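For reference, the structure discussed in these notes is given below.
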Amino acid sequence: MVILSEQPLLKLNELAVEFYPNRSQRSFYAVCQVNLELERGEVIGLVGESGCGKSLTGRALLGLLPPTARPTGKLEFDGRQYLIGSPAQAQLRGRRIGMIFQEPTSALNPVYTVGDQLRETLYCLRGLKGEENRAVGLQLLRRVELPEPEKIIQQYPHQLSGGQQQRVLIALALAGEPELLIADEPATALDAPLRRKIIELLEELAGAGLSVLFISHDLSLIREVCERSLVMYSGYSVEDCSFDSEAKLDHHPYTQGLLATADALTAAGSGRLPVIEGEVPSPKSRPSGCPFSPRCGEKLDQCDRQFPPAVSRGPGFLHCWAREAEK
Amino acid sequence: MYKQKLADFIYLLKQNKLFAAALFTLVLLYLSAIFAGFISPYRYDSEDRTKSFHPPTPVYFTDGEGGLAWPYVKDYEFEFDDYHRRIYEPVEGSRNRLQLFPEGEKYNFLGLLETRRRLFGVEDDGKIYLFGADSRGRDLFSRIIYGGRVSLSIGLIGVSISLLLGLLIGGISGYLGGLVDNFIQRLIEVIMLVPAFFLLLALRSAFPLDWTSVRVYFFIIIIMSFIGWASLARVIRGMVLSLREKQFVEAARVSGVPGPVILIKHILPNTASYFIVAATVSIPGYILGESALSLLGLGIQDPHASWGNLLQDAMSISQLQLHPWVLLPGLFIFLTVMSFNLVGDALRDILDPEHEVSGGNLV
Amino acid sequence: MSLLLSFFLVGCAPPTPPDNVLNLGTISAPKTFNPVTARETSSTDVINQMFVGLTTTDGQTGAVEPELASDWESKEDGRVWIFTLHDDLRWSDGEPLTAADVVFTYNELYLNFDIDSSARHSLLMDGEPPQVEKVSERQVKFTYPDPYVPFLRAASNPILPEHLFADISPAEFNYAWGVDTSPDELVVNGPFKLGRYESEQRVVLERNPHYYKNQLDDEQLPRLDKLIFHVVANTDLQVQRFLRGDLDAIGVQAQLYPVVRAGQERADFEMHYSGPDLGTLFLAFNMNTTPHPETGETHIPEHKLDWFNDHQFRRAVAYAIDRQMIAEVVFNRLASPAHGPVSPANEEFYYPGLKEYEHDPDKAREILEEAGYSDRSGDGIIQDEKGNPVKFVLLTNAGADQRVATAEIIRQDLSDIGMDVSFRQVEFNTLVSQLSSDFDWEAVVMGFTGSLEPHFGSNVWLSSGNLHMWHPYQEEPVRDWEREIDELFAQGMRTLEPERRREVYSRWQRIVNRELPLIYTVTSDTIHAVHSRVKNAQPTAIGGLTHNVEYLDVR
Amino acid sequence: MGNVILHRLIIAVFLLLIVTLVTFVLIQMTPGNYFDQLRANPRISEELVESLEERYGVDDPVLVQYGRWLVNLASGDMGYSFGHQRPITGLLLERFGNTIFLMLASLFFTWAFALPLGIYAAVHHNRILDRIFSFFAFIGMSIPNFFLCFLLLYLASHFYFWPIGGMTSPHYAELGLFARLADLFQHMAIPVAVIATGAMAGLQRITRSNMLEVLRRQYILSARARGLPENRVIYRHALRNAVNPLITIFGYQFTTLVSGAALVEIIAGWPGMGQLMLESVQSRDQFVVVGLVLASGVLLILGNLVADILLAVVDPRVRFGARENV
């Protein structure tokens, strides 16, 4: 259950990211409106189909958007306001917020050994040198349950397995002792057994007091790991809810679709999978009004015209004309 | 998808002024080459020896007393000065008015009809040399316009042939793999082993120089395409190799679609974006290749004009000093190459931002 | 970038040259220092400064002058030639130069058929070599089977040292004295010896202290300490380097004349006009009626041969060519119309009374009309009596600007009288092989660098000659006038008396002028630009700038 | 790695054999041979020309000539230049040296300017200086070498301030070492500037786009996310990776530069391989042509080999055979 404190660890308000790709293409919004709150020690999920802007939201939290992006919105971390993309926000990276990525293989610099990268990170973030640096590094590798850390620090990334690489990345992300870890699909690229282990590792870390923002398209995973989730669709955070089985909520039609799919998958092999018809619109050609309206089974007239305002509901909120009408 | 691209394209034209300017320049150049007979005041080979190295003619818009006049040019005659330089002086009181659509020398309009109508000219016996004249008094402007036919088309045709070759051979090489692939790879290496310009020279020298310009023209295209396909085929092979492993190809193969069909219908279309960009940026290579050959006297032969052989006059520094306007064809080459590069760059932005394609110029 | 580089380096100005060095340009580097096997001017221009022969040519008058030989006499109407050498001649290594060297040079080198001697041809009389004998230490006797008058000029071939080559095999000799020869090994007898050769860049020649004129008039000759030939790849760059002061003198081509002249505004040099040069520039038609040995057909269609063999046809062409225009457009008016095979520069043999074919297209058309060529179909192109349109291809070699421009003008002139001529440039080698072995050409614009001795053109003028372009290698002269020319050449080489010789060759010129196997166009002027610091420069059309090289002085 | 190199060398020799054979056949296809031009000299007799033709076997069947050439080549003899009347080996070495000298200087300037500019442009993507660099790179890329060369020669001659043509001044031999170098550099300046301008523009663009691409990579994002300082991310992480593909380009540049240099050499009168090639092709000096093709082929193979070795040195993935290409 959510503990409401006066000061959430992270608060994101009305995040929008506009892209100016190059002089030959027009600009577009990849993220339109995202609101997020995260308490200390909380593990929350960010879920939605591919192309909904989840990763960008994660990157915006670190101020790591591509140079062609122009973010707007309010970011508050530990009670302090940050301008997204500002040098002050950059200071949070590694030290207070860590991040790991979907593809461990490409997230490690291929030309440096694991040891190089670990040593460098520890030196830059914590000023550690020499033996101390090495000891802390090995300690970190042990913490992410890597066997034979002495051997691993001499190896190049391409000599490690995918699971090992992801662990190294987690170790690197933890090097600065951050309070929040953003895990962007941390296990998607891995085989099932490895995936399990990484998830377990993350759960373990969360248990030790680390806040985690868990980004995934896999609702069943999110449901299992997170206490609370934010559902994103086409650049909007459409619903903030808990998937606690006890609280049967009237979800956003999109969330319902996702749930149906996830349930069907869990009940493996029960005939045809119920899928949501259609595709996520491209940010360059997003329909007006509620972006989900073309795929929505409960579409109302006003859905085409205007994006629905937030309906706060118990914990969390919801953007849907249909649900508003129901109220 | 294509509608989207078209919309992007129109937006691009509005946004990227340089691209728009480059495209406009190219369209203008190609149009003028196509309608060379109409636009140029004289034929490419029509000479007036008494006007050897006639300087560019200024066009007057005033009547000399401050009033406006219908544009006219003056007659010029030369005297050899002490240095045996031709000094052209306007003939006192001469005034030849410009004419629109006068009757000039006969030419063939688009290969359809014989006509004498030209865009502009000068009344009576006056001569207009917008860009000056060469040693035999031929109008450089007309020759540049006519020369554009060779220089501009050689790029298009040459690129089409090498693209076709590169697409097919690279596609086959990548798709079939094994021995065929190995053989084609070695072939490509042989071609790429010799510096292109040397290869061009050696190939050119293997055939008689006294061919007609038309034959030389086609021959140059063939040589350059022969050299040009290799690097393209190499890239295509790489793309095909990776595409071959993609699921949709796998699916097609499993459902029994024959190999060539898979290659042509499923694999090659996926290389189209790269191709359009590669084509645009390789065209300058062909234009430059032809120019270099003609510049050295191995390409298009007088009296036919190409921008390269027009520049032959500029090979001599002394001629440059006396008649700087002989450099003008070089400016046209420069403009064309620059425009193609700009267009290619912009096309890459919308079509294929992944690949950095370099044209690989021959010279 | 370039600008940056320029600023970076602009401080380094070239230093001033040391005194008494003459800097000349050459289009390409010498290929060999071997006087016997040297084949092209880039080599012989340099070699001629290092080696001299028995006789030489006076650069002013063109007359034969003594060189190593102080004196000579001819006996039996020019069948026997006896040369007497100067006293005390020495090679540059100090060894004496004697009659033995002369005999060796001729017998073992020039006349040895295993050696690639390009001079041999001019030494043979109807294919027969002379007998060369030593009379005394200072006297050599040449005996021909028949009188051979041109020998006197051929005797200017350089003499080589026997003591270096006595035991060399012909095969070795063909490669001896290449450009990589060390200066000590190159033993010379001329005014200069090799100082060093900087490959493909320049040849530095130094004064030869043993040069026989050294103590002439109690003066050290040559006056120059050094003579340097710089390789400058084209005439255009030569002009630029001359104007910059890198070169002391250049020959100026007519096209470049205005640039050089204008350069006088900033550089201190003088222009020397030496009148027409020795070369010729002409149009030739293929008249070769000899059938192909295998196919039995002529090399070009017979109706074309009929036109080209038609004297009236060639006359009309001669009238149609606007020589004045060629002089003006191609040569910046620095050339004069030519009508015969001998240039006015050759004062000894030039025959001034030749018929001048003034530009007269009307007359040309009239001649053609009378000879049966007229435009019957009304398409602007004349046909012969059988109705074949007069249409042919005119060739010249690519890269030769003057020839190309001349050919273009001729093409235009001929189309004005109704001939359909297309013009093509051909690579030189291909052109020559067409002319001398394939025989499938139709018309060509060519030129020869002239020679003072008409007999040395016998390859061209004898009907059996390989350069008898219009119909080479004839076993028997096909045309009467060809037979007449063959006879004149046979007579000319046997005629010792100058006045009569001149007459023989005048008749030859008149025949050529009348029959027009070669239709001459213009002779360009010889112009040299010489820096004022060069003293005693008297360049001529015959001898160029270096004919009096030993008296040149640079201060 | 050693095995790979050996394998490549064997293939290279095989390729060179094909290339030279093709060149031989091409030259023989044209009518006429070198000695034909001697026939146009009235003072040289037919019989001399024929004896020369026979001595050098220029009328023999192509394969016989090629075989003979190969046999000689095996003993280090590349044949004889008819035009230069000397063995080709020395001639080629000399010209080769001149061209290499020119190329190395051009390469030096190309890389010394293009690399920093490209990196700067990528790091300051879309800023004003990037735009300016891009613009000049465009012009540099688009201006034909020969046109630029004409312009520079014209300017130099017009203002009389710069030596043009050839490699050295007349007084070169009398100069001291330093002055000699200065003289040489002066003569090189125009051709080097022309060659480097084109190459530099291309390289600057490639460096920039490579760098931009690397900057988009996950590991850069990851390094930033880790909180590494920006300078370290760019110069330690991005640059190392961006340079790798450039090394391949370095090998490839040998080809383009030999090609590009050829025409510039011809125009600027630099006695290099390009000039020799044109001259020999025109005069059918067949062994020189084949020799040049062979020499440039060897140069390219060496260039690529050097690039491969360099690449292995800098990129562990290649060194450990993990990936074929980067």
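The sequence lines fix the lettering, A, B, ..., with proteins before strands; numbering per chain opens at 1. Here the structure is a predicted model, which means the values were calculated and not measured.
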Which value, rounded to the nearest 0.5 Å, describes the distance between [X] atom [atom1] and [Y] atom [atom2]?
X	Y	atom1	atom2	answer
D:L221	A:S55	CG	OG	9.5 Å
D:L228	A:L172	CG	CG	8.5 Å
D:S222	A:N109	OG	CG	9.0 Å
D:H237	A:Y112	NE2	OH	6.0 Å
D:Q218	A:T105	CD	OG1	10.0 Å
D:R226	A:T121	CZ	OG1	4.5 Å

Does [atom1] in [X] sit with more than 12 non-hydrogen atoms of other residues, nucleotides or ligands closer than 6.0 Å?
X	atom1	answer
D:F136	CZ	no
D:E230	CD	yes
A:R143	CZ	no

Q: Heavy atoms only, distances under 4.5 angstrom: which of A:Q117, A:E120, A:Q102, A:R95 has the most pairs with chain D? Name it, please.
A: A:E120

Q) With chain D, which of A:L62, A:L108, A:L174 has the greatest number of heavy-atom pairs at distances under 4.5 Å? A) A:L108

Check whether [X] gets within reach of chain D through its side chain, its backbone, both or neither, counting any heavy atom under 4.5 Å.
X	value
A:Q91	neither
A:R59	side chain
A:I182	neither

Q: Compare every heavy atom of A:R93 with every heavy atom of D:A225, then report the nearest pair and how far apart it is.
A: O-CB, 3.6 Å

Q) Shortest non-hydrogen contact from D:N241 to A:P110? A) OD1-CG, 3.5 Å

Q) Can you find a heavy atom in the side chain of D:Y219 that is under 4.5 Å from one in the side chain of A:S106? A) no

Q.
I want to check a possible cation-pi pair here: D:R232 against A:Y123, using under 6.0 Å from ring centre and within 45° of the ring axis as the test.
A. no

